[in-house]
Amino acid sequence: MTKTHRGLQAVELAREDEIIEKAKQCLESCTQPESSTYTKAQCAYTYTLMGDVEKRTQLLEQLDQVAIKKDDKTHWSTNPEIPQDDPLWSNPNSADVEITAYVVLAMVSGEDPTESDLGAAVPAVRWLHSQQNANGGYATTQDTVVSLWAISIYSYLTFVDENMPTIEVTNDNGFTENVTVNPQNPTEVLVVGLPDIPAEYTLEASGSGCAYVQITERYNILNPEPEASFTLIVNASPIQCPPHPAPSFNLEISASLSDPNNEESNMAILIVQLLSGYMPP
């Protein structure tokens, strides 16, 4: 029984090695120029976990060539051709968040990330933070999970518990409040309510380390009054009234379209249904 068990175990291990080798062969296409940015970002993270420094470096160099760098932020997109004045520039899709998060994971998830690795990830981490919504998440569950995982790994590797930063929030009406990041709350979202709107607020930081500040403004607007697209007038005039055995009446229906541009309509269909028990003559 023992020999048989060991034999089965050896067969299973050999089968697993074969599967892994085939998976590695499948990844070889990631480095090809025709591979998408999304695929390269995932493969870069995969090779980082595998410890394949050569393939990881090759993919990160290719990704750097298509990186979108603006101000002090860097991210990657499935559609890098979007002009900077396009509304989509400030409202990227979920795939862009995922790609950027995978690149950050590839940079910081090695066995021993260097200061150069952590420094290279800073602009991408800034961009990921800038895209978070007021609740700390993103557009979908998938991009939220991947991005928060990347930010968490980066924060863990760069965390220091000495002389941590303090943020002082003030406004021109005399409001002042201090927020201090300390070893007891490094991952906690600290919220400061802004009492005066509108007002000019100033943020000053002291100490060392890294703290991200997000300003969220919520407001409601009245829904605009809907414009009627058509008018409908219905008049009923009796012909034979009860107790006549067959009561009847005339039904006059008048309908017209209300086009604010005064354009003529091509066709209009009016469907009239009578009450139960009545029928047209």
Roughly how far, to the nearest 0.5 Å, is [atom2] of [Y] from [atom1] of [X]?
X	Y	atom1	atom2	answer
Cys43	Met50	SG	CE	9.5 Å
Thr57	Gln62	OG1	CD	11.5 Å
Ile99	Thr37	CD1	OG1	5.5 Å
Asp196	Tyr201	CG	OH	4.5 Å
Leu232	Ser256	CG	OG	9.0 Å
Asp96	Ser77	CG	OG	3.5 Å

Looking at [X], I'd like to know if its [atom1] atom is crowded, meaning that more than 12 non-hydrogen atoms belonging to other residues, nucleotides or ligands lie closer than 6.0 Å.
X	atom1	result
Glu111	CD	no
Gln273	CD	no
Glu168	CD	yes

Verify whether one side chain among [X] and [Y] offers a donor that lies under 3.5 Å from an acceptor in the other.
X	Y	answer
Thr170	Thr176	no
Thr166	Asn178	no
Thr141	Thr144	no
Glu98	Tyr38	yes

Counterpart residues, ring pair (Phe, Tyr, Trp, His ring centres under 6.0 Å), relative to Phe175 (two or more places apart): none
Any chain of hydrophobic side-chain contacts (each under 4.5 Å) joining [X] to [Y]?
X	Y	answer
Tyr156	Val125	yes
Trp127	Leu118	yes
Leu49	Tyr102	yes
Leu63	Val53	no
Val179	Ile215	no

Any side-chain heavy-atom pair of Thr74 and Trp76 under 4.5 Å: yes
Contact summary for [X] and [Y], nearest pair of heavy atoms:
X	Y	answer
Met107	Arg56	O-NH2, 3.3 Å
Ala101	Leu128	CA-CD1, 4.0 Å
Asp72	Arg126	O-NH1, 3.2 Å
Val108	Pro113	O-CG, 3.2 Å
Ser109	Thr48	C-CG2, 3.7 Å
Ser94	Asp143	OG-OD2, 3.0 Å

Counting only N and O atoms by type, is there a donor-acceptor contact under 3.5 Å from the side chain of Thr39 to the main-chain atoms of Ser35? no
